[in-house]
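For reference, the structure is listed below as structure tokens.
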Amino acid sequence: MKDHIQTLLSAALDRLRDQGLIPADTEVAVHVERTRDRRHGDFATNLAMALARPARRNPREIAQALVAALPSSPEIERVEIAGPGFINFTLVPEAWPRVVSHILEAGEAYGRSDIGAGRRVQVEFVSANPTGPLHVGHGRGAAYGAAVADLLAAVGYQVHREYYVNDAGRQMNILAVSVWLRYLEACGETVPFPSNGYRGDYVRGIAARLREAVGERLCRPAGEVFADLPPDAPQGDKEVHIDALIARAKALLGEAEWREVFDLGLSAILEDIREDLEAFGVVYEAWFSERSLVASGAVERAVERLREGGHTYEKGGALWFRSSAFGDEKDRVLIRDNGEPTYFASDVAYHLEKFERGFEHVIDIWGADHHGYVPRVRAALQALGCDVDRFEVLLVQFAVLYRGGEKVQMSTRSGEFVTLRQLREEVGTDAARFFYVMRRCEQHLDFDLDLAKSQSADNPVYYIQYAHARVCSVFRQAREKGLVWDRVRGEANLHRLVEGHEQALFERLSRYPELVEAAALAREPHQIAHYLRELANDFHTYYNAHPFLVEEAELRDARLCLIEAVRQVIANGLGLLGVSAPESM
RNA sequence: GCGCCCGUAGCUCAGCUGGAUAGAGCGUUGGCCUCCGGAGCCAAAGGUCAGAGGUUCGAAUCCUCUCGGGCGCGCCA
């Protein structure tokens, strides 16, 4: 409907250009919006006011010319000029109920569109280091990223969801050595556990699996392992200590056996993460390995390209990228003085590779604590000649859990953090997915565990799901009473739905496609969450005000059509957020 | 010190690329169950949109500054 009015206005605009009333080169976006007040009709545009300046005319004068030039339409009952120069459109009454037929016809496809035109867009999200289970901080990125990806898919983009696996860095070596030490313990050795190691219980679990797989073949006496190592903190430097420990482990085991430990740890954790996300309703098209990037020489190639482009220099034995020439606050090291590439170097290679894979748009979803990282990646892409307008980073702020009004403390050091899995077990996937995307991603999120668990009206998830279940329940009741819903008869009698509650529902339902489009383009799934609450409220209100299973079959069938449409839109909307739509609760 | 995000009702937050009288939920107060699920509904009270300038027909929205809160500023990942 909105599109229809936009089309009419564009036509009128062309006529005014032809008539010379406005300069031919005037560029103006035709912007149609829903009115907030019924007295202003159903839709309004500020086009005349936007044209006032370039045309050097009074807005109302332009509005009159626009209205005169407007092609006629059977959908529109009235066009009025109001206030400083708004043009208000009122639809013919018959236009509204039609939305119900559209919804019943389209079913799950209602709200989907093709504005993406099949363009390929990549969404990379979560990408947590595979050194331990996902925690609740990752949960928000997972829920948000999945919702953004699903929204983009819903409006016609070809979406590629990707998880970047940091399986090549020092942190992974630390994990491997942690696993190995726990394994030694399991073999009966007594080892002092490094203060910088991974202390979580899951490491013991992986060590146990290792022992099952290889027996005591990889066991070495603790005395040999720790002989002459630099001291751990607090006497010594914990970083130096653990690096020496890693080197010793590699020396004692040899490359092949070290790799065995490393790979078992990596695959165990990746498997855990994958299962965790899957249970959270989050699936990926690809898991992209950093190690494969290093192995294929892509990192060297990317660094080489920067060097050839004259964007690098050497200082202090290291190779630097002149990112400050592209807006970053300082230059960044690509290759350390020890010859090892930095994490940044492989990230440059990864992002270059994204563009080389031919995505038309590349979206990264990061925790807000990485915001300082954005300018350097952008700088690198620019230096490599990529179109940075096609690169977008969405930063997700922290989520803080509350229980009983108190902040839930999390400590990574002790290994006692709240995992995503624990959260799912406590509040359920539906509540978790919904709560995570209830707020704009720039907004800090207060996650109230008690509220998420509560089965009451206070809890928006239950409120919305209840509306869905209630519709299903009405249909169950109808069947029990032997009433058969005749959809065709219902659709033929939609004009009978003249109650205020019914009109409100038509209006609400009709804006759903606009909403999905807006939410997708703005990457704002929270708009869907808010909409669904309002829709559910409209429905519950209607439910309380009017019986659906009335005697008169025509009216009854029409009302059943309407509430079935409501059910469909709730199901579609919840689906975009990864929340289930139960038939009973 | 520099950079990014945030500041709207007692609390948690919406407010669509600037638009007509700033909206929800919770909480508070007062109502609605012989009836399709009361896990629901209705009503009332509650605001100097942090503050000050600026841009214009018009600013919660855009720009600048100030104040307050969060986060980040490694040859870590």
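Quick caveat: nothing in here was measured; it's all calculated off a predicted structure. Below, each value reflects all heavy atoms present in this structure, side chains not excepted, and no hydrogens, waters or symmetry copies. Below, chain A is the first sequence line, B the second, and so on; all start at residue 1.
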| query | Taking the six-membered ring of A:Y463 as reference, does the NZ or CZ atom of A:R533 fall below 6.0 Å from its centre and within a 45° cone about the axis? | reply | yes
| message | Are the side chains of A:L483 and A:W485 in contact, using a 4.5 Å heavy-atom criterion? | response | no
| request: Give the nucleotide from the list B:C4, B:G15, B:U12 with an atom nearest to the side chain of A:D446. | output: B:U12
| With respect to the side chain of A:Y466, which nucleotide from B:C6, B:G38, B:C41 is positioned closest? | B:G38
| remark: Here the salt bridge (Lys or Arg N to Asp or Glu O under 4.0 Å) pairs for residues 467-486 of chain A, sequence neighbours left out, are none
Could you write out each protein N or O paired with an N or O of nucleotides 74-77 of chain B at a distance under 3.5 Å?
from: B:C75; atom 1: O3'; to: A:R336; atom 2: NE; distance (Å): 3.2
from: B:C75; atom 1: O2; to: A:D337; atom 2: N; distance (Å): 2.9
from: B:C75; atom 1: O2; to: A:D337; atom 2: OD1; distance (Å): 3.2
from: B:C75; atom 1: N4; to: A:G316; atom 2: O; distance (Å): 3.1
from: B:C76; atom 1: OP2; to: A:R336; atom 2: NE; distance (Å): 2.7
from: B:A77; atom 1: OP1; to: A:R336; atom 2: NH2; distance (Å): 2.3
from: B:A77; atom 1: OP2; to: A:R336; atom 2: NH2; distance (Å): 3.0
from: B:A77; atom 1: OP2; to: A:Y343; atom 2: N; distance (Å): 3.4
from: B:A77; atom 1: O2'; to: A:N129; atom 2: OD1; distance (Å): 3.3
from: B:A77; atom 1: O2'; to: A:N129; atom 2: ND2; distance (Å): 2.5

Taking only Lys NZ, Arg NE, NH1 and NH2, and the carboxylate oxygens of Asp or Glu, determine whether [X] and [Y] approach each other closer than 4.0 Å.
X      : Y      : answer
A:E329 : A:R376 : no
A:D328 : A:R322 : no
A:E340 : A:R170 : no

| Can B:C33 be described as syn, meaning its chi torsion is within 90° of 0, or is it anti? | syn
Can you tell me, in whole Å, how much space there is between the [atom1] of [N] and that of [M]?
N     : M     : atom1 : value
B:G53 : B:G10 : C1'   : 31 Å
B:G25 : B:G46 : C1'   : 14 Å
B:G69 : B:A50 : C1'   : 11 Å
B:U48 : B:A9  : C1'   : 13 Å
B:G51 : B:A60 : P     : 11 Å

| task | Give a yes/no answer on whether the side chain of A:Q443 brings an N or O atom under 4.0 Å of OP1 or OP2 in B:A14. | result | yes
| task | Would you indicate, yes or no, if B:C41 has its OP1 or OP2 atom less than 4.0 angstrom from a side-chain nitrogen or oxygen of A:N537? | result | yes
| Between A:H311 and A:F326, is a ring pair (Phe, Tyr, Trp, His ring centres under 6.0 Å) present by the stated rule, with each step listed? | CA-CA 10 Å; A:H311 303 300; A:F326 298 93; 5.3 Å; yes
Salt bridge (charged side-chain N to carboxylate O under 4.0 Å, His left out) against [X], all qualifying residues, sequence neighbours excluded:
X      : answer
A:E499 : none
A:E80  : A:R78
A:R511 : A:E507
A:E502 : A:R559

| request: Give a yes-or-no answer on whether the side chains of A:N166 and A:Q171 include a donor-acceptor pair shorter than 3.5 Å. | output: no
Is [X] touching bases, backbone alone, or none of the nucleic acid, heavy atoms closer than 4.0 Å?
X      : answer
A:M438 : nothing
A:S584 : base
A:D538 : nothing
A:H371 : base
A:D369 : sugar-phosphate

| Are A:F86 and B:A20 stacked, counting the six-membered base ring, centres under 5.5 Å, planes under 30°? | yes
| A:H40 aromatic ring stacked with six-membered ring of B:A20, 5.5 Å and 30° | yes
| task | Would you jot down, in residue-number order, the residues of residues 556-570 of chain A having a non-hydrogen atom under 4.0 Å from RNA chain B? | result | none
| request: Would you sketch RNA chain B in dot-bracket for me? Only Watson-Crick or G-U wobble pairs with both distances under 3.5 Å count, crossing pairs as [ ], other-strand pairs as |, the rest as dots. | output: (((((((..((((.....[...)))).(((((.......))))).....(((((..]....))))))))))))....
In whole angstrom, what separates [X]'s [atom1] from [N]'s [atom2]?
X      : N     : atom1 : atom2 : answer
A:L451 : B:U12 : CG    : P     : 14 Å
A:Y531 : B:G25 : OH    : P     : 17 Å
A:F435 : B:G25 : CZ    : C1'   : 11 Å
A:I464 : B:G25 : CD1   : C1'   : 11 Å
A:R378 : B:C4  : CZ    : P     : 13 Å
A:K2   : B:C16 : NZ    : P     : 12 Å

| note | Those residues at least two apart in sequence (or on a different chain) that pass side chain to side chain contact (heavy atoms under 4.5 Å, CB included) with A:R508 are A:Y531, A:E534, A:L535, A:D538
| message | A:H371: which residues meet the side chain to side chain contact (heavy atoms under 4.5 Å, CB included) condition with it, sequence neighbours left out? | response | A:L395
Taking [Y]'s backbone N and O only, do any of them form a donor-acceptor pair with [X]'s side chain (distance below 3.5 Å, no angle check)?
X      : Y      : answer
A:D331 : A:S324 : yes
A:R439 : A:D446 : no
A:T342 : A:V333 : yes

| field | Nucleotide-resolved protein contact map, nucleotides 26-36 of chain B, B/S/- at heavy-atom distance under 4.0 Å | value | S---------B
| query | If you take all heavy atoms of A:V437 and A:A147, which pair is closest and at what distance? | reply | CG1-CB, 4.3 Å
Can you tabulate the close N/O pairs, meaning under 3.5 Å, that link protein atoms to atoms of nucleotides 55-57 of chain B?
none

| said: Quiz question: going by heavy-atom distance under 3.5 Å, is there a donor-acceptor pair between the base of B:A20 and the side chain of A:N88? | reply: yes
| Residue mapping more 5' on RNA chain B - nearest nucleotide basis, A:R439 or A:T35 | A:R439
